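Single-structure report; data block below.
Small disclaimer: the values here were computed from a predicted structure and weren't measured.
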Amino acid sequence: METETATPWLTDAEQCAWRTYLDVNRLLTYQLEKELQPFGLTMNDYEILVNLSESPERRMRMSDLAAATLQSKSRLSHQITRMENAGLVRRENCESDRRGLFAVLTDQGMDTMRKVAPHHVESVRRHFIDQLSPEALTSLHKALQPIAEDLRGLRGKP
C-alpha cells in the first residue's frame with residue numbers, strides 16, 4: 001500500500017519567483033495584446049500570421065498549425081474562419097490527403113505582417129528586452145530552456 005507523502009510546499013523564495021513569473025507573463029501578454037488591437041489583431045492572430053509567414057510557401061497544415069499554436073483544432077478552425085473573413089488567410093485542400101486542409105497566408109495577410117511586425121517587435125523590445133541586461137537575457141534563456149523542453153515533451157500526453 002502506498003503511503004501519502006507530504007506536499008513539498010514552495011519556499012518563500014520559490015513562491016516569490018513563481019508569482020513574479022505569473023505576473024510578468026500576464027502583464028506582458030496583456031500589454032502586447034493591447035498594442036496589437038489598433039491593427040485589429042489578437043496575440044493568437046499574430047502568432048498564426050508569424051507561423052504562416054515563416055513556413056514554406058506561407059502555408060501549414062491546419063493540424064500542424066494547431067500544434068504550433070497550442071490550440072485545439074476546433075478553436076483554430078473558428079479563428080481561421082475569422083481571419084479568412086478579414087482576408088488575412090485562406091484555406092486550401094490538401095492534394096495528397098483529401099481530409100487535410102492548409103491554412104495559407106494571403107498577400108493581404110503578408111502585407112499586414114509587414115506593417116504590424118515592426119510595431120510588435122518594438123513593443124517586445126520596450127516591455128521585455130530593454131528591461132534586461134544582455135547577461136540577464138542569457139541567464140533567463142538558460143533558466144527557461146529546460147522548462148520549455150520538459151513541457152514540449154509532455155505535449156499530447158495525458
Test of understanding: clusters of I, L, V, M, F, W, Y form through side-chain heavy atoms closer than 4.5 Å, transitively. Do [X] and [Y] belong to the same one?
| X | Y | result |
| --- | --- | --- |
| Y21 | F128 | no |
| V124 | L144 | yes |
| V89 | M62 | yes |
| V121 | I48 | no |
| L32 | V116 | yes |

Gap between atom [atom2] of [Y] and atom [atom1] of [X] - 0.5 Å precision:
| X | Y | atom1 | atom2 | answer |
| --- | --- | --- | --- | --- |
| H119 | L36 | NE2 | CG | 10.5 Å |
| M83 | R91 | CE | CZ | 11.0 Å |
| E33 | S123 | CD | OG | 12.0 Å |
| R58 | S53 | CZ | OG | 9.0 Å |
| L105 | D111 | CG | CG | 9.0 Å |

Strictly distance-based, threshold 3.5 Å: is any side-chain N or O of [X] a donor or acceptor partner for the main-chain N or O of [Y]?
| X | Y | value |
| --- | --- | --- |
| T69 | L65 | yes |
| Q31 | H127 | no |
| S55 | M60 | no |
| T20 | A17 | no |
| T11 | E14 | yes |

Taking [atom1] in [X] as the centre, count heavy atoms belonging to other residues, nucleotides or ligands within less than 6.0 Å. Is the count above 12?
| X | atom1 | value |
| --- | --- | --- |
| F39 | CZ | yes |
| R19 | CZ | no |
| D23 | CG | yes |

Of all the heavy-atom pairs spanning [X] and [Y], show the shortest one and how long it is.
| X | Y | result |
| --- | --- | --- |
| G87 | Q108 | O-CB, 3.5 Å |
| A68 | E47 | O-OE2, 3.7 Å |
| R155 | A67 | NH2-O, 2.7 Å |
| A103 | L52 | O-CD2, 3.3 Å |

Legend entry - Minimum side-chain heavy-atom gap V50-E54 below 4.5 Å: yes
Legend entry - L101 and R61, any side-chain heavy atoms less than 4.5 Å apart: no
Inset, instruction - Output yes when R126 and E35 qualify as a salt bridge under the 4.0 Å nitrogen-oxygen rule, no when they do not. - result: yes
Inset, instruction - Kindly determine whether D107 and R90 satisfy salt bridge (charged side-chain N to carboxylate O under 4.0 Å, His left out), including the steps that lead there. - result: CA-CA 10 Å; D107 289 341; R90 71 176 179 273; over 6 Å; no
